[in-house]
Visitor: 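One structure, pasted below without further comment.
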Amino acid sequence: MSDLDIQIPTAFDPFADANAEDSGAGAKEYVHIRIQQRNGRKSLTTVQGLKKEFSYNKILKDLKKEFCCNGTVVQDPELGQVIQLQGDQRKNVSTFLVQAGIVNKDNIKIHGF
């Protein structure tokens with residue numbers, strides 16, 4: 001027998017092509033708007049998943065001015081930059097991002113209660 005007749009079994013992943021297709025241009029980048037309960041009636045709204053080309057500080061400045069609340073930009077090791085706002089601002093933030101043209105309405109996910 002020659003070396004060409006022997007076939008060595010290789011690891012074949014049937015889902016490799018499907019995973020490669022999902023990670024391409026068809027994958028949606030969602031913006032997640034969440035609420036965290038603090039003490040009593042107090043709450044915190046977080047906005048995560050905005051594109052890196054946007055200036056988070058300028059968006060935060062406009063959000064604070066529009067909704068009369070305080071906020072900050074926090075650097076998270078896993079999630080990247082996250083905008084935090086005082087109070088339950090989920091609907092306000094989602095309408096603001098759509099009207100400003102930052103995100104499409106289909107790419108926003110609102111979490112909480």
Side-chain angles (χ1 to χ4, degrees):
M1 288 173 70
S2 67
D3 291 302
L4 299 175
D5 294 340
I6 300 172
Q7 292 183 350
I8 299 173
T10 58
F12 176 71
D13 186 10
F15 298 106
D17 295 335
N19 291 338
E21 291 172 3
D22 290 343
S23 64
K28 287 190 176 180
E29 296 293 327
Y30 288 108
V31 174
H32 299 276
I33 302 173
R34 295 184 173 90
I35 187 168
Q36 294 177 351
Q37 190 67 38
R38 289 180 51 215
N39 300 338
R41 295 175 57 185
K42 299 185 187 307
S43 59
L44 187 71
T45 302
T46 60
V47 181
Q48 174 235 331
L50 293 173
K51 294 183 181 176
K52 295 187 187 331
E53 21 321 322
F54 294 118
S55 173
Y56 282 73
N57 290 325
K58 288 184 180 180
I59 293 173
L60 175 65
K61 183 179 176 182
D62 292 338
L63 288 172
K64 286 168 51 174
K65 193 170 206 173
E66 182 77 19
F67 307 133
C68 300
C69 65
N70 205 352
T72 186
V73 177
V74 178
Q75 181 65 35
D76 189 76
E78 294 178 7
L79 304 176
Q81 288 186 329
V82 178
I83 296 175
Q84 291 183 343
L85 297 169
Q86 287 181 345
D88 185 4
Q89 307 290 343
R90 291 175 292 175
K91 290 184 181 177
N92 296 336
V93 170
S94 65
T95 56
F96 177 84
L97 293 175
V98 170
Q99 287 178 353
I102 297 172
V103 182
N104 292 336
K105 189 174 183 179
D106 300 335
N107 293 347
I108 294 178
K109 287 198 174 185
I110 299 177
H111 305 276
F113 320 135

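FYI, side chains are in, hydrogens and waters are out, and symmetry mates aren't considered; it's all heavy atoms of this structure.
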Visitor: Can you find a pair of side-chain heavy atoms, one from Asn57 and one from Val73, that are under 4.5 Å apart?
Guide: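 In short, these two side chains touch, coming nearer than 4.5 Å.
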
Visitor: Do Leu50 and Ile102 touch side chain to side chain, with heavy atoms closer than 4.5 Å?
Guide: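 Touching, per the 4.5 Å side-chain cut-off.
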
Visitor: Verify the cluster assignment for Ile35 and Val93: are they in a single hydrophobic cluster under the rule of side-chain heavy atoms below 4.5 Å apart?
Guide: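 No, no single cluster joins them.
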
Visitor: Is it true that a side-chain atom of Thr45 and a backbone atom of Gln89 form a donor plus acceptor pair closer than 3.5 Å?
Guide: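 Such a contact is found between Thr45 side chain and Gln89 backbone.
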
Visitor: Could you check Asp62 against Phe96 for side-chain contact (heavy atoms from CB on, under 4.5 Å), going step by step and ending with a plain yes or no?
Guide: CA-CA 9 Å; Asp62 292 338; Phe96 177 84; 3.7 Å; yes

Visitor: Answer whether the closest heavy-atom distance between the side chains of Leu44 and Leu85 falls below 4.5 Å.
Guide: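 Contact flag for Leu44/Leu85 side chains = no.
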
Visitor: Between Lys51 and Glu29, is the side-chain contact (heavy atoms from CB on, under 4.5 Å) condition met? List the steps.
Guide: CA-CA 9 Å; Lys51 294 183 181 176; Glu29 296 293 327; 5.5 Å; no

Visitor: Indicate the atoms forming the closest heavy-atom contact of Gln48 with Arg34, along with that distance.
Guide: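 Scanning both residues completely, I find the closest heavy atoms to be OE1-NH1, 2.8 Å.
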
Visitor: Can you measure from CD (Gln99) to NZ (Lys105) and round to the nearest 0.5 angstrom?
Guide: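 Those atoms lie 10.5 Å apart.
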
Visitor: Tell me, do His111 and Lys109 make a side-chain contact under 4.5 Å, heavy atoms counted?
Guide: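 Side-chain contact under 4.5 Å: yes.
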
Visitor: With a 3.5 Å distance limit and no angle check, can you tell me whether Gln86 reaches the backbone of Gly71 through a side-chain donor-acceptor pair?
Guide: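 Such a contact is absent between Gln86 side chain and Gly71 backbone.
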
Visitor: Do the side chain of Asn104 and the main chain of Asp106 share a donor and acceptor less than 3.5 angstrom apart?
Guide: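 Answer holds: no.
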
Visitor: Using a cut-off of 6.0 Å, state whether more than 12 heavy atoms not belonging to Glu78 lie near its atom CD.
Guide: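 Atom CD in Glu78 is not crowded, with 12 or fewer foreign heavy atoms closer than 6.0 Å.
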
Visitor: Rounded to the nearest 0.5 Å, how far apart are CG of Asp88 and CZ of Phe67?
Guide: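 Between Asp88 CG and Phe67 CZ, I get 11.5 Å after rounding to 0.5 Å.
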
Visitor: Please tell me whether Ile33 and Val82 are part of a single hydrophobic cluster in this structure, the criterion being side-chain heavy atoms less than 4.5 Å apart.
Guide: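 In one cluster with Ile33: Val82, no.
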
Visitor: Got a donor-acceptor contact below 3.5 angstrom from the Tyr56 side chain to the Thr72 backbone?
Guide: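 Pair absent, no side-chain N/O of Tyr56 close to backbone of Thr72.
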
Visitor: Which distance, rounded to the nearest 0.5 Å, do you find between the CG of Leu63 and the CG of Asn92?
Guide: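 One gets 9.5 Å once the value is rounded to the nearest 0.5 Å.
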
Visitor: Using side-chain heavy atoms (C-beta onward) and a distance below 4.5 Å, is Ile59 in contact with Ile83?
Guide: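 Side chain of Ile59 against side chain of Ile83, heavy atoms only: contact under 4.5 Å found.
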
Visitor: Would you compute the distance between atom CD of Gln84 and atom OG1 of Thr46 and round it to the nearest 0.5 angstrom?
Guide: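 OG1 of Thr46 is found 7.0 Å from CD of Gln84.
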
Visitor: How far does CZ of Arg38 sit from OG of Ser43, to the nearest 0.5 angstrom?
Guide: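 Going from CZ on Arg38 over to OG on Ser43, the span is 8.0 Å.
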
Visitor: Any heavy-atom pair between the side chains of Val31 and Val47 that's under 4.5 Å?
Guide: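 The answer is yes; the side chains approach within 4.5 Å.
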
